[in-house]
Amino acid sequence: MKSEILAIACVALSLRSIVSLYSYSGFDSSPMYGDYEAQRHWQEVTINLEPGQWYTNSSNNDLLYWGLDYPPLTAHHSYLLQIICN
Ligand SMILES: *[C@@H]1O[C@H](CO)[C@@H](O)[C@H](O)[C@H]1NC(C)=O
């Protein structure tokens with residue numbers, strides 16, 4: 001049992017170390033930056049627009065700026081977080 005926990009910890013630590021060596025989407029590209037800004041923006045979009053507009057490009061929803069590109073469950077999750085966190 002102890003050796004299994006040690007093996008899992010080693011794999012987890014190795015994965016984190018390998019991932020940390022590489023960049024992420026939005027890195028160094030102001031003002032998009034990274035995933036935190038994407039998540040913040042999805043909350044902004046879902047709380048301010050009707051669900052029918054979440055995936056449609058418009059002057060209120062520029063899909064090139066962290067447009068929602070995950071299935072609707074993700075969008076509803078962002079919406080829920082925005083309701084809970086406000
Ligand atoms: C989406 O909307 C933005 C803002 O109106 C515009 O700048 C952009 O060109 C549009 N993109 C597409 C693919 O239509």
Side-chain angles (χ1 to χ4, degrees):
M1 188 64 190
K2 262 186 179 175
S3 65
E4 289 159 348
I5 292 172
L6 191 64
I8 290 170
C10 283
V11 168
L13 203 62
S14 299
L15 280 175
R16 280 168 178 73
S17 302
I18 292 165
V19 167
S20 74
L21 296 175
Y22 295 93
S23 184
Y24 50 88
S25 57
F27 176 79
D28 230 10
S29 74
S30 171
M32 288 178 77
Y33 296 113
D35 197 52
Y36 182 81
E37 171 57 13
Q39 301 288 332
R40 187 206 63 75
H41 182 64
W42 292 350
Q43 290 179 28
E44 181 181 41
V45 165
T46 54
I47 200 75
N48 288 305
L49 300 177
E50 295 298 316
Q53 300 178 309
W54 290 352
Y55 291 92
T56 307
N57 198 55
S58 69
S59 55
N60 290 328
N61 188 18
D62 182 358
L63 293 182
L64 294 178
Y65 186 88
W66 291 129
L68 268 162
D69 55 359
Y70 282 93
L73 184 62
T74 308
H76 284 90
H77 176 245
S78 293
Y79 180 71
L80 199 65
L81 287 178
Q82 184 64 8
I83 289 172
I84 293 168
C85 297
N86 257 349

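The basis for the numbers below is simple: all heavy atoms, side chains too, and nothing from hydrogens, waters or symmetry mates. The chain is numbered in sequence order, starting from 1. Whatever order the structure lists ligands and atoms in, that order sets their numbers, starting from 1.
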### Task
Hey, could you give me each pair passing side chain to side chain donor-acceptor pair (under 3.5 Å) that has a residue in residues 64-79? Not counting sequence neighbours.
E37-Y65

### Task
Could you tell me whether ligand 1 has any atom less than 4.0 Å away from a heavy atom of L63?
no

### Shortest protein contact, atom 13 (C) of ligand 1 (heavy atom only)
N57 ND2, 4.1 Å

### Summary
Here the atoms of ligand 1 under 4.0 Å from any heavy atom belonging to S59 are 5 (O)

### Query
Is a donor on one side and an acceptor on the other found under 3.5 Å between the side chain of S29 and the backbone of M32?
no

### Message
Give the atom numbers and elements of ligand 1 that come within less than 4.0 Å of a heavy atom of S58.
### Response
2 (O), 4 (C), 5 (O)

### Task
Determine yes or no for a side-chain-to-main-chain donor-acceptor pair under 3.5 angstrom, with N48 supplying the side chain and E44 the backbone.
yes

### Task
For atom 2 (O) of ligand 1, state whether the nearest protein heavy atom is under 4.0 Å away.
yes

### Query
Which atoms form the tightest heavy-atom contact between T46 and A75, and what is the distance?
CG2-O, 3.5 Å

### Query
Where is the tightest heavy-atom contact between T56 and L63, given as atom of each residue plus distance?
C-CD1, 4.0 Å

### Query
Considering only the protein, which heavy-atom contact is closest to atom 7 (O) of ligand 1, and what is its distance?
D62 OD2, 4.4 Å

